[in-house]
Amino acid sequence: MISQSFEYSAPRTLAEALALLAGGDAKVLAGGMSLIPMMKLRLAAPGRLVDLSRVPGLTGIREQGGALHIGAMTTHYEVESSAVLRAKCPLLAETASAIGDVQVRNMGTIGGSAAHADPAADYPAALLAVEAKVTLARKGGERTLAFSDFLIDTFTTALEPGEILTGVIVPVEPAGAGVSYQKMLQPASGFAIVGVAARVHNGSVRIGVTGLSGKAFRAAAAEKIFAETRDVQKAAAAVPLGVEANSDIHASADYRRHVAAVYAARALNAALSRAS
Amino acid sequence: MKQTITVTINGKAYSHEVEPRLLLIHYLREVLGLTGPHVGCETSICGACTVAVDGRAVKSCTMFAVQADGRQVVTIEGLAADGALHPVQQAFWEQHGLQCGFCTPGMIMTSRQLLERNPSPTEAEIRHGLEGNLCRCTGYQHIVNAVKAAAQAGK
């Protein structure tokens, strides 16, 4: 039994979920892999949990118009084991397989991770590198945002009060694209000390970085250097430049910057070796 | 406010009024007396509380009992059938896959999931698959051997 009491609702429709969420002190419960530990630590104390697990239409992966639509409640295990994603957006499947452990991947969801915006989560690096979008539902409407615009800061997103993240949209990768996600993990929690997602196509690269700073980001300067020079080491060295790096008992800021360059080079080399 | 939940546990349906803040592990241990799943770290790290919910291995310290309403839960107590150990239990016994035994219920529940998804895992796949279960006796080698033996026995 955890110390704080709260109300719990398991709505059967999205409209019902949105109505419950409008009631003030409520928070969405997806897989609970971040929220429940936070509630135990009293870092979160919602008055009501709105569990989305029984809302139909929020799970699964479907292809439409050159893009893959992934329901927000799709688990990390479903993403890592999806034949469609492995073939058409392998960076996301590879990144999902690196999250936490099998029990966490069985429960944790892509929408929950995106909405939580943990600065050390794995998904954001990949979602930035594939230029993902998110769909946000509100009462009477829906909007679509680039994930890069959605992510504002540590644990902070563009979700408005009363909105629910319902899905993630990723483009189908063209033939010949090469991808890789490389992370140094904190062995107890499995979170990324630094994680780098690289995606190479036709000589241009996109690099998403997580764990290094207050929020995941695209390493734009490094991408530009690679486009101009095709030099992995020079591009990788630019990844941590000018970044205000996190520092904690697991890794100092200087060490994190060093690791970021090393893992960026690994991710770039692996992605290049898979590209054609 | 208390809510009524109905959960099928090891094949039998139970109905109880519970507070939403009651974690599944405490429902299993304290309400139902199923003390096979253990409370180790209670922080989603150690995996000693692992049970299967609708066929998925989950850490029952990181799920509320109300989330299990209407679902099928299997605990370590539900594995042996008609007095015969489950093949994974048998393999842990034969390969000495435990020392103190505290982590064993979780190890077995996760190993069972691993073999369901991948009946012939490599040693690396076994170690990756058991990352969410910690053994403080550091008896990992025998645990890995037990999973290999269970895979072999399942062929």
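No experiment lies behind these values; they were computed from the predicted model shown. Each chain gets a letter, A, B and so on, in the order the sequences are listed, and its residues count up from 1.
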task: Find out whether Thr62(B) and Met33(A) are in side-chain contact, i.e. whether some heavy atom of one side chain is under 4.5 Å from a heavy atom of the other.
output: yes
Can you list, pair by pair, the side-chain donor-acceptor contacts under 3.5 Å of residues 15-23 of chain A, counting residues two or more places apart and other chains?
from, atom 1, to, atom 2, distance (Å)
Glu16(A), OE1, Arg12(A), N, 3.2

query: Atom CG in Asn133(B), atom CG in Asp101(A): separation rounded to 0.5 Å?
result: 7.5 Å
query: With a cut-off of 6.0 Å (strictly less than), are more than 12 heavy atoms of other residues, nucleotides or ligands near OH of Tyr255(A)?
result: no
query: Val53(B), Thr43(B), Leu114(B), Asp69(B): which one forms the most heavy-atom pairs within less than 4.5 Å of chain A?
result: Asp69(B)
- request: Find out whether Arg56(B) and Tyr77(A) are in side-chain contact, i.e. whether some heavy atom of one side chain is under 4.5 Å from a heavy atom of the other.
  value: no
- prompt: If you count heavy-atom pairs under 4.5 Å between each of Met109(B), Gln113(B), Gln67(B) and chain A, which one has the most?
  reply: Gln67(B)
- line: The reported gap from CG in Leu22(B) to CD1 in Ile2(A) (rounded to nearest 0.5 angstrom) is 10.0 Å
- request: Would you indicate whether the side-chain heavy atoms of His128(B) and Val102(A) approach each other to under 4.5 Å?
  value: no
message: Is it true that Thr110(B) and Gln103(A) share a donor-acceptor pair across their side chains at a distance under 3.5 Å?
response: yes
- request: Please state whether the side chain, the backbone, both or neither of Leu35(A) comes within less than 4.5 Å of a heavy atom of chain B.
  value: neither
query: Arg21(B) side chain to Ser5(A) main-chain N or O, any donor-acceptor pair under 3.5 Å?
result: no
query: Checking Ser81(A) against chain B: side chain, backbone, both or neither under 4.5 Å from a heavy atom?
result: neither
field: Asn106(A) side chain vs Val58(B) backbone, donor-acceptor pair below 3.5 Å
entry: no
Over 12 non-hydrogen atoms of neighbours within 6.0 angstrom of NZ in Lys27(A): no
- request: Give a yes or no on this: more than 12 heavy atoms of other residues, nucleotides or ligands lie within 6.0 Å of atom CZ of Arg136(B).
  value: no
Minimum side-chain heavy-atom gap Glu131(B)-Val104(A) below 4.5 Å: no
Which atoms of Ala188(A) approach chain B - backbone, side chain, both or neither, heavy atom under 4.5 Å: backbone
Residues 37-53 of chain A, side-chain donor-acceptor partners within the protein, below 3.5 Å, at least two apart:
from, atom 1, to, atom 2, distance (Å)
Lys40(A), NZ, Glu42(B), O, 2.8
Lys40(A), NZ, Cys61(B), O, 2.7
Arg42(A), NE, Ser3(A), OG, 3.3
Arg42(A), NH2, Ser3(A), OG, 3.3
Arg48(A), NH1, Ser9(A), OG, 2.6
Asp51(A), OD1, Ser53(A), N, 2.8
Asp51(A), OD1, Ser53(A), OG, 3.0
Asp51(A), OD2, Tyr8(A), OH, 2.6
Asp51(A), OD2, Ser53(A), OG, 3.3
Ser53(A), OG, Arg71(B), NH2, 3.4

